[in-house]
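The next block holds one structure in the form of C-alpha cells; read it before the comments.
Any value given below was found using the heavy atoms of this structure, including those in side chains, with hydrogens, waters and symmetry copies removed.
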Protein chains: 2
Amino acid sequence: MDGATQQTAAGRRSRRRPSMADVAAMAGVSSQTVSRVANNRSNVEEETRQRVLSAMRVLGYRPNAAARALVTDQFRTLGLISFGLGNFGNARTVDSITRAAQRAGYTVNMLAIESQTEQAVHEAFGQLTMQAVDGIVLIEAQILDTPALRLPSGVPVVLADGDVSHRHPMVDTDQALGARLVTRHLLDLGHETVWHVAGPEDSYAARRRAESWHATLKEAGAPIPRMLFGDWSAASGYAAGRVLAEQPGVTAVFAANDQMALGVMRAFIQAGRRIPEDVSIAGFDDLDESAYFSPPLTTVRQDFDVLAERIVSLMLDQIRGGTAPSATAPIAPHLIIRESTAAPPD
Amino acid sequence: MDGATQQTAAGRRSRRRPSMADVAAMAGVSSQTVSRVANNRSNVEEETRQRVLSAMRVLGYRPNAAARALVTDQFRTLGLISFGLGNFGNARTVDSITRAAQRAGYTVNMLAIESQTEQAVHEAFGQLTMQAVDGIVLIEAQILDTPALRLPSGVPVVLADGDVSHRHPMVDTDQALGARLVTRHLLDLGHETVWHVAGPEDSYAARRRAESWHATLKEAGAPIPRMLFGDWSAASGYAAGRVLAEQPGVTAVFAANDQMALGVMRAFIQAGRRIPEDVSIAGFDDLDESAYFSPPLTTVRQDFDVLAERIVSLMLDQIRGGTAPSATAPIAPHLIIRESTAAPPD
DNA sequence: TCTCCACATGTTTACGCAAACACATGATCC
DNA sequence: GGATCATGTGTTTGCGTAAACATGTGGAGA
C-alpha cells in the first residue's frame, strides 16, 4: 500500500515539469543562480553557468511562462481581434502584424469574430483580456465608442482601420485617397461615370471607400449610379457583376476589394463583355495575385507592412511608456494601373 | 517631501490593476469568495455574489491570467507555427484552426517562420515553449525527425501535413489521392500526358503531390515530362507557365496549388493559347476564388475545416488525457471539375 | 433532543519565478 | 594597510490565484 503510494508520488513527481529548484539542486547552486543563467545575466561565473546549463539540458528544463509573467507582469504577446482570414486583405494585414510583432519579440494571439456586432466584439475582448496578452489590437472595429461597448481600461489597445475613437490610438490607411485615385483614373479615361460594388455596410473601411467614390463623382459632376453591396467575397462580387452586366450603360466598375473585382470580371466575361474594351474594372488591395488575373487588375495598393509596423510600435509605446501616443497621419495607398481599365467604347 | 512620496505611492497603488484582494476588501468578503464568484461556482449565496460582482465592476477587476495559469497550469492557448499567411492555402488552414480552437475555448498564438530550415523551426519552437501555450501545432514541417532537431518533450505537439513522425500525432490530407484524381481526370479527357508545376522542393505536401502525379502517369504508361518548380506564388506559376507555353506539345498542366495555376493560366493566355480549348489547366486547394477565375478552375478541394477539427481534438486529447492518440486516416480531398479542363485539341 | 450533514464562508498554502537584499571574497586606491 | 568597490552567490520575499482544509450555521432525520 505504502509502496503503491510511493510509486504514484514518484510518478507524479517525474511527470511534473522540472522547475528552477530542480535544476538548482542538480547543479549544486541556488535557484536564483539558475534564474540568472536563464535570463543570461552577466554576473555568473562561466564555469557555474556551464554547470547550470548542462543541468538544464539533462532535466529538459523550460521556464514556466506563467510564473515568469506573474513576476515580470508581461507576456510578450499581443492579442488580435479580426474577422478571420478568409478575406485576403485581412489575411495580409494579420500576416504583416505577426511579422512586425515577431521582430519586436512578440507573438500574436488571435481571436476571430464572425460578425461586427457589439456583442461579438465585447465578448472577444473579454476573452482576450483573460488570456495572456499585454495589449490588444482591433482590426476594422467601428463600434467602439457606443456607450454600450466600453472597452475595459487597464489594457493597452490599438485600433486599425476602424472607427474614430478618442480613447485609443489608431492607425489608418487613407481609404478615401485610394478610392478617389481609382475613381478619378476611370473618369480621366473618359468614362461618363463609375459604378461601385461596396463592401459590407457595417465595415468602416468599406464605408469610407464608398463615401469617397461618391464625393469624387460629385466633384466631377458625373451622374451617381446606385451602389451595390457585397461581403468582400468573390461570390458576392460575381452576384453584383451579374446585375451590372445586365445594364447596358455600365462601362466602368470600381469594386471595394480585389476579390470582389474578380467576381465582377467573371460576371462580365460570362455575359460576353470584354475587359477592358467594353468595360473597365478596378479593385482595391493589390493582392499578389491580382497581377495575374485575366486581364491583370488595376487596383489600389495598400502598404500592409507599414500599417503593421505602426500598429506594433504604437502598441509597444503604450506597453512600455504608458504614454498615450499621438495619432499618426493615415498611410497613403497608391494606384496600380494594369490592363483591366481603358477608355470606354465609343 | 513626505507628501510627494505618499502621492507617488498612492499613484502607483492606483495604477496597479486591482486584484482579488481589492475586490474582497470592497465587498467585505474573503478573496476566496471572490475567486468562487469569478469562476462562478455554485456555492455562493446570491446576495454575496451580487455584492462581489458589483465590487468587480466598480473596481474594473480582471483576473490575472498569469496567476491563474500558474495555479491551474493551463493557458487555454495553442501555439501555431506556420509559414505565414501569404500563401492562401496556409491562410485557410490557419483560419480553420483558429475557429476550431475557439469553439473549444482556446485562442491561437501564432508564429510565422520564413524558411523551412531546422534552425528556424527549432528557434520558433523554443520561443513558443517559453510563451504561454498549452501545446504546439506545426504546419507543414517536414524535418522534425532529423537528429539535430529534437523537439523538446513535455509539450504536447501535433503535426499537420508534414513529414511522418513516430514521436507525435499527425493529421494529414491525402495529398497523393488528390494529385492522382487530377492527373487521372486529365488523362481520361484524352491528353497524352500531363505537365506538372510543383511547389517548393522542401515542402512535404508539394513532394507528395509530385510523387503521386509521377506514379499516376507511370501507371497509365504516359510519357513523363520534366517537372517545373514554383514557390506556391502566382508569380512563380506565371514564370513556369511561360516556359511551358513555349513548348508546343503541352496540352495539360497540373499546378500544385491554385495560386500557381492562376499564374500558369495567365502565361498561356498571354501566349495566345485558349483555355481549355488549346490547353487544360488544373490546380489544388479549391480556394473560394478559384470558381471565379477566367475560366473557372478545375481543382482539388481540401477540407480545411475537417483538418482543423482533427488537429484541435488531437491537441486537446494530449492536453487533457495525456494519452498519445492513435494516428487517424488521412483526409480525402475530392476533385472539382470546372471549365479550365477539357479534351485536347486534335 | 441530539446527531449528522449540507452549505456558505474563511484561512492557509503552494504554484515558479525574479527582485531586493545580504554576504562573502578579492582586487584597487590613496 | 585600511577603506572602497566590483563581483559572484545565497536568502528572503511577494506576485495573484485556486486548491485544500477549517469553521460556523441551520435544518433534516433518528
Side-chain angles (χ1 to χ4, degrees), chain A residues 9 12-13 15-53 55-56 59-76 129-134 154-155, chain B residues 9 12-13 15-53 55-56 59-76 129-134 154-155:
Chain A
R12 202 180 296 130
R13 196 181 313 124
R15 208 178 325 285
R16 209 196 82 233
R17 278 175 56 180
S19 73
M20 283 195 163
D22 301 315
V23 176
M26 170 172 258
V29 297
S30 75
S31 67
Q32 183 57 221
T33 297
V34 177
S35 169
R36 284 192 261 256
V37 172
N39 294 291
N40 59 100
R41 297 268 195 279
S42 54
N43 53 343
V44 179
E45 205 170 353
E46 188 50 29
E47 193 238 310
T48 312
R49 173 189 305 281
Q50 289 308 329
R51 202 142 36 88
V52 172
L53 249 23
M56 282 179 173
L59 259 29
Y61 171 76
R62 312 243 127 217
N64 179 310
R68 174 173 282 181
L70 182 57
V71 176
T72 61
D73 202 37
Q74 60 166 332
F75 287 102
R76 305 195 74 79
T129 52
M130 304 228 303
Q131 232 41 45
V133 300
D134 300 316
V155 187
Chain B
R12 202 179 296 128
R13 197 181 312 123
R15 207 177 326 283
R16 210 195 82 232
R17 279 176 56 179
S19 72
M20 284 194 162
D22 300 315
V23 176
M26 170 172 258
V29 297
S30 75
S31 67
Q32 183 56 218
T33 298
V34 178
S35 168
R36 285 192 261 255
V37 173
N39 294 292
N40 60 101
R41 296 267 195 278
S42 56
N43 52 345
V44 178
E45 204 170 354
E46 188 50 30
E47 192 239 309
T48 310
R49 173 189 306 281
Q50 289 307 330
R51 204 144 32 88
V52 171
L53 249 23
M56 283 180 172
L59 259 27
Y61 170 76
R62 313 241 127 218
N64 179 312
R68 174 172 282 182
L70 181 58
V71 177
T72 62
D73 203 36
Q74 59 166 331
F75 289 101
R76 304 196 74 78
T129 52
M130 304 229 301
Q131 234 37 46
V133 299
D134 300 316
V155 186

With side-chain contact (heavy atoms from CB on, under 4.5 Å) as the criterion, how do A:V52 and A:R49 come out once you've worked through the C-alpha distance, each side chain's angles and the decisive distance to 0.1 Å? CA-CA 5 Å; A:V52 172; A:R49 173 189 305 281; 5.8 Å; no

Begin from the C-alpha positions of A:D73 and B:R17 and carry the test side-chain contact (heavy atoms from CB on, under 4.5 Å) through to its verdict. CA-CA 11 Å; A:D73 202 37; B:R17 279 176 56 179; over 6 Å; no

Any protein N or O atoms within reach of nucleotides 14-17 of chain C? Criterion: under 3.5 Å, listing atom names and distances.
unit_1 : atom_1 : unit_2 : atom_2 : d
C:dC17 : OP1    : A:Y61  : OH     : 2.4
C:dC17 : OP1    : A:N64  : N      : 3.2
C:dC17 : OP2    : A:M20  : N      : 2.5

Which protein N or O atoms sit under 3.5 Å from an N or O of nucleotides 26-28 of chain C?
none

Identify the pairs formed between an N or O of the protein and an N or O of nucleotides 7-9 of chain D at a distance under 3.5 Å, and give each distance.
unit_1 : atom_1 : unit_2 : atom_2 : d
D:dT9  : OP1    : A:T48  : OG1    : 2.6
D:dT9  : OP2    : A:E45  : N      : 2.9
D:dT9  : OP2    : A:T48  : OG1    : 3.4

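B:Q74 is linked by a side-chain contact (heavy atoms from CB on, under 4.5 Å) to B:T72, B:R76, B:Y106, B:D134, counting only residues two or more places apart in sequence or in another chain. The side-chain contact (heavy atoms from CB on, under 4.5 Å) check on A:E47 picks up A:R51, with sequence neighbours excluded. Listed by chain and number, the residues in a side-chain contact (heavy atoms from CB on, under 4.5 Å) with A:A69 are A:F75, B:A66 (sequence neighbours excluded). Contacts of B:N39 classified as side-chain contact (heavy atoms from CB on, under 4.5 Å), with partners at least two apart in sequence or in another chain: B:S35, B:R41, B:R68. When the salt bridge (Lys or Arg N to Asp or Glu O under 4.0 Å) test is applied to A:R36, no partner is found at least two apart in sequence or on another chain.
Residue B:S31 comes nearest to B:M20 through the heavy atom pair O-SD, 4.0 Å, listed as atom of the first residue, atom of the second, then distance.
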May I have the list of side-chain donor-acceptor pairs in residues 22-30 of chain A shorter than 3.5 Å, sequence neighbours left out?
unit_1 : atom_1 : unit_2 : atom_2 : d
A:D22  : OD2    : A:R16  : NH2    : 2.6
A:D22  : OD2    : A:S19  : N      : 2.7
A:S30  : OG     : A:Q32  : N      : 3.4
A:S30  : OG     : A:T33  : N      : 3.3
A:S30  : OG     : A:T33  : OG1    : 3.4

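Inter-axis angle, ends of the helix from C:dT1-D:dA30 to C:dC30-D:dG1, five pairs per end, rounded to 10 degrees: 30°.
The CD atom of B:Q32 sits 9 Å away from the C1' atom of D:dA20 (whole-angstrom rounding). To the nearest angstrom, P of D:dA19 lies 11 Å from CD of B:Q74.
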